[in-house]
Every structure is written in structure tokens, then in C-alpha cells.
Amino acid sequence: MRTHDSATAPDAIAVTGPGARTAGASGPSTPAPGSRAAASQAPGSGSRAAVAGSRAAAPRVPDSGSDSRATVSRAPALDSRRRGTLLAGLGVVAFSLTFPSTVWGLESFGPWSLVAVRSTLAALLAGVFLLAGRVPLPERRHWAGLAVVAGGVVIGFPLLTSLALQTSTTSHAAVVVGLLPLTTAAFAALRTGRRPSRTFWIAAVSGAVVVLGFTLAESGGALSTGDLYLFGALLVCAAGYTEGGRLAGLMPGWQVIGWALVLCLPLMVAASAVALSLEPVRLNAHGVIGLVWVAAGSTFFGLYVWYRGMAAIGIPKASQLQLAQPLLTLVWSVTLLGETLSPAAPVAAVAVLVCIAVTQRSKS
């Protein structure tokens with residue numbers, strides 16, 4: 001029994017009966033008209049040709065399934081980018097309150113005490129969440145990266161900026177966050193090997209120049225000891241953001257900052273005991289509110305949503321959202337600290353928003 005295209009032409013099945021001639025006979029047999037043998041006498045040219053003809057004659061139906069699948073696959077990616085942008089934006093808002101809250105915290109605590117206590121409180125909060133979620137310990141290969149995050153984001157940046165804010169205003173300290181996006185993008189390019197496009201870099205540098213020029217013009221442009229603290233904070237924070245953004249692609253963002261905080265907990269508990277015994281403490285409402293915000297708002301919540309946002313939209317693009325942070329800080333400085341806002345602020349705000357829009361649309 002031989003079958004030919006049985007899936008598409010079930011009638012094209014030839015059965016050799018007793019009356020059929022075998023190979024070597026004098027001539028071909030002549031099947032009766034309409035018999036199944038007649039239909040299968042020339043399997044290479046009869047049934048297959050008929051099937052091919054029917055297939056050719058049938059109208060071609062567009063394959064809408066692939067288009068719909070592509071649309072469905074693009075939709076989650078678009079939602080992920082939007083959600084990532086929203087989360088990173090919430091992180092920027094939380095960070096923009098850090099300097100005013102630090103100024104409030106310094107009303108009650110010294111700079112070393114403030115940093116040690118805020119890190120201790122944030123680490124305890126992170127530990128509760130990690131225990132409640134029964135989160136397993138990170139893999140050994142991730143601990144080095146977590147140490148970089150802890151050194152740059154949990155300890156280095158808060159300490160250096162707190163020391164700077166003893167002598168600098170919040171508007172002057174905004175120089176740090178004005179340059180931070182560009183520095184973070186540069187660190188990310190070196191760390192991950194990804195090279196943003198030329199348009200991205202032009203927009204990023206332009207935004208950094210606008211923010212830097214604005215903040216330096218507001219503060220007089222003179223370098224001081226506070227400026228050295230600020231530029232040191234810029235470098236360590238960019239390194240911490242970059243490494244944290246990389247780790248956030250391997251584990252949830254809140255776990256990145258959570259484990260970095262827990263890693264610092266023993267050191268910060270000891271530092272809190274020493275600093276509180278050496279620096280005076282003058283508790284008031286501003287000091288307590290400032291401490292609570294920099295611990296729970298900036299250090300835990302802000303970094304949690306920030307790292308999740310970076311994992312979704314990438315480190316360079318997320319870092320450019322921070323171009324708006326200095327201007328937000330100036331707004332909080334006016335409303336919370338009573339500082340006077342320059343008329344140049346709205347112009348700088350528009351220029352920065354344009355740069356952010358360009359970087360968000362450029363390829364990285």
C-alpha cells in the first residue's frame with residue numbers, strides 16, 4: 001500500500017488488487033473509469049497536481065496571527081517602560097526631598113549621627129520586609145556588587161552631602177544632582193559596555209550644562225570645602241547607582257537596596273553609638289521629621305522604586321530623569337526652607353524638560 005498526500009487528498013490512496021499487472025508485463029493495465037486505481041495511476045502528476053491546483057486556486061488569507069502576536073508582545077514591553085519611567089520618577093521626587101530633609105535633620109543631629117541613625121533605621125525597615133517576604137540570601141557572586149551599592153548610596157553619598165550642607169545651601173548642593181545623571185551614564189557605559197547614541201549624549205550633556213550653569217550662577221560659582229564633599233558624593237553615588245541598576249536586573253530592586261542596607265547594619269549600629277555619644281542631640285519637630293524622611297523616604301522607598309525603574313528602562317535613560325531633581329529641590333527649598341527662588345528657574349526647568357524628552361526618545 002502506498003499513500004500520497006493522505007493529509008490533504010484522502011482519496012489518492014492506491015490499493016493494488018488481483019487484476020493489476022506487475023512489473024515486467026507487456027503493457028499497462030487500463031483501470032475502469034471512475035475506479036480508485038484510475039485516480040491513483042499517476043501519483044506524481046495526478047492527485048498531487050490536483051492538490052497543487054486547488055491550493056493555488058484557493059485565495060491566500062493574510063496571517064493575522066503573527067501581527068496580533070507581535071502587537072501583544074509589544075504591549076507588555078510598552079507597559080513595562082511606562083511603569084519603569086513612573087517608578088524612576090517617583091524615586092526622583094523622593095530624592096529631591098533629601099537635601100531639605102537633611103537640613104531639617106541637622107537641626108537635631110550632627111552629620112555623622114544623622115547618617116548613622118538614618119542608615120540604621122532604614123536597614124531595620126529593610127530587614128523586616130526581607131524577613132516578612134522570606135527572601136533567601138543573595139548568591140555569593142552578588143555580594144561584591146551589594147558592597148559597592150552600600151558604600152556609594154547608603155554611606156558615601158549621605159555622609160558627604162550632610163557634611164557639605166553644613167556650609168552650603170540646598171541650591172548649591174543641587175550641583176551634585178545636576179551632574180549625577182551624566183556621571184551615572186558614563187559609569188554605566190564603562191560598567192556594562194553599552195554605548196548610548198550621539199543624540200543621547202548631546203542631550204545629556206546639554207541638560208547637565210543647563211543645570212550646572214543654573215546652580216553655579218545661583219551660588220556664585222566659588223569652590224569651597226563643601227564643593228569637594230559634593231563632587232566626592234557625585235562619584236560614589238554614580239558608582240552605587242550603576243551597580244545597583246545592574247543588580248536590579250538580576251533580583252528585585254527593593255531586594256538590592258534591602259540587602260545593601262542590611263549589609264551595613266552592624267557598622268551603622270556601632271557608628272550610631274559612637275556618633276551619638278560625641279555629637280550633641282537637640283530634638284525638635286523638624287529634626288525628627290527630617291530623620292524619618294531620609295531614613296524611610298529617601299534611603300528605602302526612594303531607592304526601592306529607583307532601582308526598579310532602572311531595571312525596566314535602563315540605567316542611562318533612568319539617570320536622565322534626575323535632571324529634574326535639582327529644580328524640584330529648589331521648589332522644596334522655597335516651600336520648606338523659605339529660600340528665595342531665582343527668576344531663571346522656570347527657564348532652566350523648560351530647558352531641562354526638553355533634554356529629558358530627547359534622552360527618553362533616543363536609542364541607548
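Remember, it's a predicted structure, so these values are computed and weren't measured experimentally.
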Report the C-alpha separation of Leu330 and Phe214 in whole Å, then their side-chain angles, then the decisive distance to 0.1 Å, and conclude whether the side-chain contact (heavy atoms from CB on, under 4.5 Å) test is met. CA-CA 11 Å; Leu330 292 176; Phe214 174 75; 2.8 Å; yes

Can you check whether [X] reaches [Y] side chain to side chain, under 4.5 Å on heavy atoms?
| X | Y | value |
| --- | --- | --- |
| Trp112 | Glu279 | yes |
| Ile155 | Cys264 | yes |
| Leu121 | Leu291 | yes |
| Leu261 | Thr299 | yes |
| Arg82 | Leu86 | no |
| Phe157 | Leu234 | no |
| Met251 | Pro138 | yes |

Distance-minimising heavy-atom pair for [X] and [Y]:
| X | Y | result |
| --- | --- | --- |
| Gly156 | Val236 | C-CG2, 4.0 Å |
| Val358 | Ala203 | CG1-CB, 3.5 Å |
| Leu321 | Gly89 | CD1-N, 4.1 Å |
| Trp104 | His286 | CB-O, 3.3 Å |
| Pro100 | Thr329 | CD-CG2, 4.2 Å |
| Val153 | Pro158 | O-CD, 3.1 Å |

Take atom OH in Tyr229; do more than 12 heavy atoms of anything else shown fall under 6.0 Å from it? no

Shared ILVMFWY cluster between [X] and [Y], side chains joined below 4.5 angstrom?
| X | Y | value |
| --- | --- | --- |
| Phe187 | Trp201 | no |
| Ile289 | Leu336 | yes |
| Trp293 | Val281 | yes |
| Leu163 | Leu106 | no |
| Leu125 | Val135 | yes |

For the residue pair Phe300 and Phe129, is the inter-centroid distance of their aromatic rings smaller than 6.0 Å? yes

Contacts of Ser119 that satisfy side-chain contact (heavy atoms from CB on, under 4.5 Å) - sequence neighbours left out: Val115, Val154, Met268

Could you go step by step and tell me if Leu247 and Leu146 meet the side-chain contact (heavy atoms from CB on, under 4.5 Å) rule? CA-CA 8 Å; Leu247 290 174; Leu146 290 172; 3.8 Å; yes

Stepwise, does the side-chain contact (heavy atoms from CB on, under 4.5 Å) test hold for Leu263 with Val149? CA-CA 10 Å; Leu263 184 64; Val149 176; over 6 Å; no

To the closest 0.5 Å, what do you measure between [atom1] ([X]) and [atom2] ([Y])?
| X | Y | atom1 | atom2 | result |
| --- | --- | --- | --- | --- |
| Phe99 | Ser162 | CZ | OG | 9.0 Å |
| Arg81 | Ile313 | CZ | CD1 | 10.5 Å |
| Phe109 | Leu114 | CZ | CG | 7.0 Å |

Would Thr169 and Glu339 count as a side chain to side chain donor-acceptor pair (under 3.5 Å) here? Give the steps. CA-CA 9 Å; Thr169 63; Glu339 295 184 5; 5.0 Å; no

Would you call the rings of Phe95 and Trp306 parallel, tilted or perpendicular, where under 30° means parallel and over 60° means perpendicular? perpendicular

Using 30° and 60° as the class boundaries, would you call the ring planes of Phe301 and Tyr304 parallel, tilted or perpendicular? tilted

Applying side chain to side chain donor-acceptor pair (under 3.5 Å) as the test, list every pair that has at least one member in [range]; sequence neighbours left out.
| range | result |
| --- | --- |
| residues 249-262 | none |
| residues 266-278 | Thr120-Ser272 |
| residues 88-98 | Ser96-Trp332, Thr98-Ser298 |

Would you find a donor on one side and an acceptor on the other, under 3.5 Å apart, between the side chain of Ser113 and the backbone of Ala275? yes

Measure from the side-chain N and O atoms of Ser108 to the backbone N and O of Gly105, and report whether any donor-acceptor pair falls under 3.5 Å. no

Sequence neighbours left out, what passes salt bridge (Lys or Arg N to Asp or Glu O under 4.0 Å) with Arg282? Give chain and number order. none

Set out, in order, the CA-CA distance, both residues' side-chain angles and the distance that settles side-chain contact (heavy atoms from CB on, under 4.5 Å) for Phe231 and Leu160, then state yes or no. CA-CA 9 Å; Phe231 286 115; Leu160 293 173; over 6 Å; no

Applying salt bridge (Lys or Arg N to Asp or Glu O under 4.0 Å) as the test, list every pair that has at least one member in residues 241-251; sequence neighbours left out. Arg191-Glu243, Glu243-Arg246

